Colleague: 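Take a look at this one; I'll ask things after.
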Amino acid sequence: MKTDSLRDVFVGGVGMIKFGRYPEENVATLGSQAVQLALADGGMQLSDVQMMAAGCLYQTNMIGQKILKEVGMTGIPVYNVANACATGSTAFREAYFAVGSGAYDIALAVGVEQMGKRGLLGGIVGDPAYSPEGVMGTGTMPGVFGMAGLEHSRMHGTTVEQFAQVSVKNHEHAMANPLSQYQVRVSLDDVLNARMVAYPNTLYMCCPTGDGAAAAVVMSKEKAKQFGSELIKVAASALTTDPYTDRVLTFPDVNTMTVNAAKEAYDQSGLAPEDLNSVELHDCFATAEVLHYENLQLAPVGEAGRWIDEKLTDLSGPQGDPRWTPVNTSGGLLSKGHPIGATGVANICEITWQLRGQAGDRQVPNHKAGMAHTIGLGSACAVHILTK
Amino acid sequence: MTSDTATEAKPGLRPIVDYLVMPDENSLEGAYLRGLQCKTCRTVFLYAPTRRYCAVCNGNAEDQFSDVQLSDEGEVWVYTIVHQSWPGIPTPFVGGIIDVGVEGDAEQKVAVRANIVGVEPDPKKVTVGMKVRGKATATHKDKDGNDVVVWQFEPA
């Protein structure tokens with residue numbers, strides 16, 4: 001897209017609640033807490049916010065309004081957003097455009113989901129006798145991403161152990177993230193021996209379901225200075241859908257649209273992959289993370305397995321190596337959790353904290369540029385780059 | 001789903017998807033997968049009664065598509081072994097994406113989602129690139145007593 005008529009947009013406040021399970025709450029009360037955290041973080045009032053984009057996949061209708069009924073019904077324009085697992089990112093992008101266009105000076109993006117202990121997403125619609133699931137292949141998420149992993153294996157020899165190591169890494173990263181749904185170390189053996197869900201994804205290689213909310217306030221440079229925010233710039237915003245590729249109508253293609261979105265983001269920002277200090281990418285399943293190392297140009301095509309073996313995306317990896325770029329310092333979806341609507345905004349929170357030097361024991365030194373990536377099956381891919 | 005013009009059809013065979021065709025409603029004999037081929041860009045889609053336009057080139061003429069038959073023979077592109085599914089679905093099963101050819105057009109392939117049967121649900125036994133052959137099988141009944149027919153692949 002053309003960005004020359006857009007003005008620069010800055011992230012002035014972020015906040016998220018610890019992902020987990022909150023049966024006594026509802027999507028509005030979860031979302032409202034994230035909104036308050038983001039406002040407090042930025043030192044602004046709700047009355048400063050001029051536009052809101054609210055993302056929630058399973059309870060999209062009026063989610064923004066329900067949140068305003070909790071925090072303050074200011075009458076601002078609200079977009080309720082759904083884009084599968086790219087919902088939160090899409091909401092963030094709406095807020096970005098609201099300010100970038102010059103129409104608004106301060107906009108709020110909030111993402112929320114309440115999934116409880118839902119287990120496998122989806123389910124049989126209509127007459128079960130005519131559901132192909134289980135008798136004519138699988139469309140469940142662990143199965144689709146299991147197949148996507150094996151596709152990478154057949155092309156590049158990636159091993160099950162390499163996929164499993166992603167889960168070890170992300171659970172370890174989460175030990176330094178008190179907002180992660182799970183803070184549990186798992187060894188490679190733990191991961192490999194866990195219950196198989198859909199080969200090669202075992203239980204610990206599948207993200208959990210749960211509840212969560214995250215919010216971000218974006219604003220013009222003048223407003224950011226007025227509120228005394230460190231200038232965290234949205235250097236790129238890209239959103240793609242899956243173009244037609246072989247097999248896409250039967251076997252979702254998560255790669256091509258990610259490649260396209262990443263290229264656009266690098267182009268918009270003028271940055272190269274080696275300029276990134278960390279990446280929050282869509283590890284809905286351990287197999288998925290591996291694919292995206294290459295899709296996002298963090299590793300050359302075919303080398304993602306080596307990137308894992310050499311710990312080039314691990315906080316505990318070789319910091320002196322110019323290729324070292326920690327991935328999912330937050331713990332990723334695998335450990336932090338994946339309340340669907342919240343995830344895309346939670347990514348923005350993590351990158352913002354990294355840029356500000358507020359990431360505690362998971363801080364990447366000299367963090368100046370970070371990337372946030374989500375995908376949603378059906379399909380959509382969002383990539384944002386934040387810089388300071 | 002097939003439509004019943006009679007108000008009380010005797011229980012028979014019913015395909016689970018629109019693109020599985022049984023020329024003889026009372027027999028699995030001669031069953032095949034049906035495709036729609038775009039006359040402009042030659043892409044082949046799995047048949048659906050509602051496909052009006054081409055998802056590749058936006059071809060939208062009245063007669064944009066021709067009917068084609070997919071080949072029984074295919075190759076496993078990828079598979080997974082599903083151990084956890086929705087309630088009521090027996091596991092484990094091998095779910096795959098199988099590339100099949102198109103009768104009369106050697107350049108086209110179509111990806112079909114189906115179970116791979118006749119092989120243990122074990123990654124040491126199922127392999128990518130396996131040559132397979134498809135066939136129609138009745139796997140269960142619907143609430144009216146019809147046999148529901150699916151397409152499965154087994155090692156060729």
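Model, not experiment: these values are computed from the prediction. Here is the naming used below: chain letters follow the sequence lines, and residue numbers restart at 1 for every chain.
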Colleague: Chain B heavy atoms under 4.5 Å from A:Tyr199: which part of the residue, side chain, backbone, both or neither?
Modeller: both

Colleague: Compute both the distance and the angle, then confirm whether A:Arg306 meets the cation-pi test with A:Tyr293: under 6.0 Å from the six-membered ring centre, within 45 degrees of the axis.
Modeller: no

Colleague: Is B:Leu46 close to chain A through its backbone or its side chain, or both, or neither, when contacts mean heavy atoms under 4.5 Å?
Modeller: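 Looking at B:Leu46, just its side chain touches chain A.
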
Colleague: Heavy-atom distances under 4.5 Å only: say whether B:Ile89 touches chain A with side chain, backbone, both or neither.
Modeller: side chain

Colleague: Might you point out which heavy atoms bring B:Val78 and A:Leu150 nearest each other, and give the distance in Å?
Modeller: CG1-C, 4.0 Å

Colleague: Please state whether the side chain, the backbone, both or neither of B:Thr137 comes within less than 4.5 Å of a heavy atom of chain A.
Modeller: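 Contact with chain A involves no heavy atom of B:Thr137 at all.
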
Colleague: Hey, is B:Asp18 close enough to B:Arg34 for a salt bridge, meaning N to O under 4.0 Å?
Modeller: no

Colleague: Set out, in order, the CA-CA distance, both residues' side-chain angles and the distance that settles salt bridge (charged side-chain N to carboxylate O under 4.0 Å, His left out) for B:Lys135 and B:Glu154, then state yes or no.
Modeller: CA-CA 8 Å; B:Lys135 67 181 200 321; B:Glu154 54 190 10; 3.4 Å; yes

Colleague: What part of B:Tyr79 lies closer than 4.5 angstrom to a heavy atom of chain A: side chain, backbone, both or neither?
Modeller: both

Colleague: So, do A:Leu377 and A:Val254 sit near enough that their side-chain heavy atoms are less than 4.5 Å apart?
Modeller: yes

Colleague: Examine A:His292 together with A:His373 and report whether their ring centres are nearer than 6.0 Å.
Modeller: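 Centroid distance A:His292-A:His373: below 6.0 Å, so yes.
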
Colleague: Pick one of side chain, backbone, both or neither for B:Val148, based on which atoms fall under 4.5 Å of a heavy atom in chain A.
Modeller: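 Looking at B:Val148, just its side chain touches chain A.
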
Colleague: For each of A:Gly119, A:Gly123, A:Gly143, tally heavy-atom pairs with chain B at distances under 4.5 Å, and name the one with the top tally.
Modeller: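 Answer, by heavy-atom pair count under 4.5 Å with chain B: A:Gly123.
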
Colleague: Chain A heavy atoms under 4.5 Å from B:Val126: which part of the residue, side chain, backbone, both or neither?
Modeller: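 Answer is neither: B:Val126 stays 4.5 Å or more from chain A.
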
Colleague: Name the option with the most non-hydrogen atom pairs under 4.5 Å to chain A; the candidates are B:Gly95, B:Gly129, B:Pro123, B:Gly96.
Modeller: B:Pro123

Colleague: Less than 4.5 Å to any heavy atom of chain A: does that hold for the side chain of B:Ser85, its backbone, both, or neither?
Modeller: both

Colleague: Side chain, backbone, both or neither: which part of A:Leu120 has a heavy atom under 4.5 Å from chain B?
Modeller: both

Colleague: Among B:Ile98, B:Asp99, B:Thr91, which residue has the highest count of heavy-atom pairs closer than 4.5 Å to chain A?
Modeller: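 Max contact count across the listed options: B:Asp99.
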
Colleague: Can we say B:Lys109 and B:Glu75 salt-bridge, meaning some charged N sits less than 4.0 Å from an Asp/Glu carboxylate O?
Modeller: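 Not counted as a salt bridge, because no side-chain N and carboxylate O are separated by less than 4.0 Å.
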
Colleague: Tell me, side chain or backbone of A:Leu203 under 4.5 Å from chain B's heavy atoms, or both, or neither?
Modeller: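 Looking at A:Leu203, nothing touches chain B.
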
Colleague: Is the A:Phe145 to A:Phe285 ring centre distance short of 6.0 Å?
Modeller: yes

Colleague: Using a strict 4.0 Å threshold on nitrogen-to-oxygen distance, state whether B:Lys141 and B:Asp147 make a salt bridge.
Modeller: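 Result for this pair is yes, salt bridge flagged.
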
Colleague: Non-hydrogen atoms of chain A under 4.5 Å away: do they reach the side chain of B:Phe45, the backbone, both or neither?
Modeller: side chain

